Amino acid sequence: MRTRHPIGIVTVFAVMPLLGNSYLYGVQPREQEPSSITPSTSQTLSAEARGDLLMARQNYLAAINAYELAPRDSAVVWNKIGMAYHHMSAFDIAKMDYQRALFLKPDYAPALNNLGAVFYAQKDFHKAEKLYRRALKSAPHSAVAYANLGTAYFAEHKFKPGIEAYRSAFAIDPSAFSSDPVRNISEATSPEERAHQDYCLAELFAHAGMTDQAIVYLRKALDEGFNDRKRLMQDQELASLRKTPQFAQLAMEEKLQF
């Protein structure tokens with residue numbers, strides 16, 4: 001068993017880079033719940049499976065304890081241990097665990113992606129971008145890596161490539177932008193970045209005919225400070241959305257002018 005590292009008070013987020021991640025839309029912080037795994041269930045699950053179940057319940061310390069009983073020569077397990085620490089904002093420990101995973105399997109895309117998420121959290125966006133690109137080289141159909149790459153671009157104010165990366169992620173798997181603590185980790189972003197990200201997502205969901213999701217992200221963008229009303233009312237990506245009752249309700253609430 002390895003030496004335990006002290007962990008201070010941390011905030012827990014569901015992240016997309018690990019997000020993947022790490023994606024940057026996560027659940028609100030909440031206290032970890034006691035494990036409800038029964039003795040009979042514990043006996044039938046492998047250590048890794050127990051860890052996955054505890055991760056899904058956001059019981060990260062218990063998940064680490066379970067994963068540490070799994071074989072130590074697995075890049076998958078080291079990556080998952082890193083994710084648990086990452087969720088608790090213990091970035092230095094998470095980084096070491098991702099690096100252990102990459103020592104065992106240098107082209108392991110999830111660990112490359114998640115290591116990128118650590119650098120993103122530390123605001124080294126250029127290094128994060130490089131790692132996301134390495135992840136995509138190993139796993140060119142990774143929606144989460146594309147989403148994280150787009151988020152890194154937004155952080156660098158590279159909005160056009162950020163939108164293109166989001167489109168690639170959405171085309172592969174729209175659920176890449178949902179919160180899933182087993183798969184994803186999201187980091188804090190500025191309101192301006194979140195507004196651009198959420199407006200872009202509103203466009204993507206609207207274009208796909210997913211009205212409810214489009215309205216959710218459009219509302220978020222407005223709440224986060226998006227104020228280009230002219231663009232909103234003339235954006236062709238939102239043309240069909242503007243004809244819906246949901247948009248009319250939003251326009252009334254936000255006092256938007258047609």
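Please read all numbers here as calculations on a predicted model, not as lab measurements.
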Got a second to check how far [X]'s [atom1] is from [Y]'s [atom2], nearest 0.5 Å?
{"X": "D198", "Y": "E193", "atom1": "CG", "atom2": "CD", "answer": "11.5 Å"}
{"X": "L115", "Y": "Q99", "atom1": "CG", "atom2": "CD", "answer": "6.0 Å"}
{"X": "F125", "Y": "T151", "atom1": "CZ", "atom2": "OG1", "answer": "10.5 Å"}
{"X": "Q249", "Y": "E254", "atom1": "CD", "atom2": "CD", "answer": "10.5 Å"}

For a 4.5 angstrom cut-off between non-hydrogen side-chain atoms, does [X] reach [Y]?
{"X": "D52", "Y": "K80", "value": "yes"}
{"X": "Y166", "Y": "F177", "value": "yes"}
{"X": "N148", "Y": "Y120", "value": "no"}
{"X": "D228", "Y": "F226", "value": "yes"}
{"X": "K130", "Y": "F119", "value": "no"}

Cluster overlap L61 with I81, hydrophobic side-chain contacts below 4.5 Å: yes

Judged by atom type as modelled, is there a donor-acceptor pair below 3.5 Å linking the side chain of [X] to the main-chain atoms of [Y]?
{"X": "W78", "Y": "R72", "answer": "yes"}
{"X": "T244", "Y": "L241", "answer": "yes"}
{"X": "N113", "Y": "A109", "answer": "no"}

Parallel, tilted or perpendicular, as decided by the 30° and 60° cut-offs, for the rings of Y217 and F205: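 Answer is parallel, since the angle falls under 30°.
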
Mutual orientation of the aromatic rings belonging to Y98 and H86 [parallel < 30°, tilted 30-60°, perpendicular > 60°]: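 Taking H86 first and then Y98, their aromatic rings sit tilted (interplane angle of 30° to 60°).
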
Contacts of E164 that satisfy salt bridge (charged side-chain N to carboxylate O under 4.0 Å, His left out) - sequence neighbours left out: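 Here the qualifying residues are R167.
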
Full working for salt bridge (charged side-chain N to carboxylate O under 4.0 Å, His left out) between E224 and K220: CA-CA 6 Å; E224 289 150 1; K220 286 183 178 181; over 6 Å; no

Selection residues 204-215 - residue pairs positive for side-chain hydrogen bond (donor to acceptor under 3.5 Å, both in side chains), sequence neighbours left out: H207-E237, D212-Q246

